[in-house]
Amino acid sequence: MTTHPTVSASGLTLRYGGTAALDDVSFRLHEGVTGLLGPNGAGKTTLLRVLATAVPADRGAFTVLGHDPGTVNGRREVRRRLGYLPQTPGFHADFTAFAFVDYVAILKELTDRAARHREVRRVLEAVDLSDVRGKRIKRLSGGMRQRVALAAALLGDPDLLLLDEPTVGLDPEQRMRFREVIAEAGQGRTVLLSTHQTEDVAMLCRRVIVMAHGRVRFEGTPAELTARAAGRVWSSAERDPQARAGWRTGLGAFRNVGDPPKDAELLEPTLEDGYLLVLDGEPVEVASA
Amino acid sequence: MSDDKHDGIGWHADADDLRAYARGELEAPRLWSVDAHLIACAPCRLALAEAGDPLALDAGWARLDAELDAPRPGVVEALLTRIGVADHTARLLAATPVLRASWLSAVLLVLAMTVASVYTADSPWLFLALASLLPLAGVALSYGPVLDPTYEMALVAPLHGFRLLMIRTVAVLVTSLGLNGLATLALPEYGLRALAWLLPALALTTTGLALTARLGPVLAPALVSGGWVALLVVTRATTHGTLVPFTAAGQGVAAAIAVVAAVSLHRLRDRFDGSPSPSSITDFAHRSAS
Ligand SMILES: Nc1ncnc2c1ncn2[C@@H]1O[C@H](COP(=O)(O)OP(=O)(O)OP(=O)(O)O)[C@@H](O)[C@H]1O
Ligand SMILES: [Mg+2]
């Protein structure tokens, strides 16, 4: 890509006791939505928290639009350009949705009351919460709270949006709605979206990063990830013992990924197949960006 | 449209207020009452149209539109803005856990019990010991990941962490010292001696905060409180009469400690904004929670 990266990170390492939550993680993020896939404990949340300046890395460094969060001033500049949706966002449950988002807006230095309130209304509208803005957060459903937190992340039109599993706990209709909001946010902005849903990636993302055990296992486009499984997905009546992974599909047959036997009935690969293959076995070499 | 100043609504906005409003210069809470009034009162809207220049008026309408559905602030917030606190500061304070009614009533209860104990035991030392400690407890509980559910959100926001800490600390201190003061009024026979908690309270609070920059928001206040209790227990076992911290010399030492701690707290202010070193307080919640 010719544009300057929004984020460039090199050698990020963070250990919690014996486990390396991040192990020499390097990558660049450009405009558009980048998906972050990985199994539980892969280090996705840790990576997002480091990028959000909530926790410093033990080693390595990163910049956001050229600002270095290792310095006091750089960190403030990074924070000014940041929208962060934590995996388990906290709330002041007695606040109304409006008051809570307003509170976050104040933390984001929007002190002019009229302009701030306009901005709060805009983001609440964007996540479809205008109708319940006067309700106390403790009376909102889990999915609505998730949307309140997303609204707070969208405040001030940040250049970099870090979203940690934003589609968890949403009903299918809301999930689609969320994807629209995220896709829209990805226009002219950089979004890093951690998720367990390969559909999120297939539908939204220009690029995808796969992590496991704190390391980057794959970085490339969704099509490239899917292509990893080309010729490596086949169907069989029973689970093929040779397969790296296999599961019974709705049609009754087994879908296997791995190294197929000679006469196997090959299937069209999906992103999920590519993801499973990338996770399996030895670290896969990183595709060049 | 009539100029009648007393129709069904009962009052009309002051002409000066309307002009200030049109210029966007009217301050809360007066701003809110004019806002609310304009929504209900057509004559005043017309008067407003005449009061301001068209450009400012547009901005005024846009604002009014936004105000229409911005919820009213809560009791605490309304009170704070009434006494002159900026509305954004008031909202930050309303998000401070210890400024909630539940905490304040707990403090009142504790104070009432210790005041009662002064009467039954005929000695003020339990009251003085507790009144010295309560402000630190309040400040410690208004900061940090344990009681602030939005701690991480606040941490990664550009507003400087130290500024947020100071806004909350001042509010909690004022409240806490005020409650202590009220309790002191219930002990008139001890005279000024009943105020001997004030300097130790300031010393304990500033020391607790200064150490928080190094030790984190749980360990630091715990150590300082523990040290205070230990000091009192030891001096009580070894001395008769007034406990050392409440003597004139003790008060002088407390004042000196408060000043030194305040200076070092100011020096360490950037520590409250997320430090580049991994052992900083910023990650305390996560490291200690697992
Ligand atoms: N605060 C912490 N203290 C100790 N260990 C931690 C902490 N946070 C994360 N870890 C460890 O770091 C590793 C990565 O965790 P992380 O939360 O980043 O994973 P994740 O990819 O977000 O997982 P999930 O999909 O379940 O959200 C895990 O082994 C986890 O146990
Ligand atoms: Mg996670």
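Every value quoted in this text rests on a predicted model; they were computed, and no experiment measured them.
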Between the side chains of B:Asp87 and A:Arg116, is the shortest nitrogen-to-carboxylate-oxygen separation below 4.0 Å, so that they form an ion pair? yes
Excluding sequence neighbours, so at least two apart, what forms salt bridge (Lys or Arg N to Asp or Glu O under 4.0 Å) with A:Arg136? none
Can you tell me how far CG of A:Leu107 sits from NE2 of B:His88, rounded to the nearest 0.5 angstrom? 12.0 Å
Gap separating the CZ atom of B:Arg91 from the CZ atom of A:Phe95, nearest 0.5 angstrom: 6.5 Å
Given the options B:Ala86, B:Ala95, B:Ala157, B:Ala94, which has more heavy-atom pairs under 4.5 Å with chain A than any of the others? B:Ala95
Comparing A:Val120, A:Val104, A:Leu110, A:Asp102 against chain B, the one with the most heavy-atom pairs below 4.5 Å turns out to be A:Asp102
Does [atom1] in [X] sit with more than 12 non-hydrogen atoms of other residues, nucleotides or ligands closer than 6.0 Å?
| X | atom1 | answer |
| --- | --- | --- |
| B:His160 | NE2 | yes |
| A:Glu184 | CD | no |
| A:Arg80 | CZ | yes |

For the backbone of B:Leu155 and the side chain of A:Arg79, can you confirm whether one donor and one acceptor N or O come within less than 3.5 Å of each other? yes
Sorted by chain and number, sequence neighbours left out, ring-ring contact (aromatic ring centres under 6.0 Å, His included) with A:Phe91 holds for A:Phe100
Portion of A:Leu82 that has a non-hydrogen atom of chain B nearer than 4.5 angstrom: side chain
Write down the atom of A:Pro86, the atom of B:Met153, and the distance for their closest heavy-atom approach. CD-CE, 4.3 Å
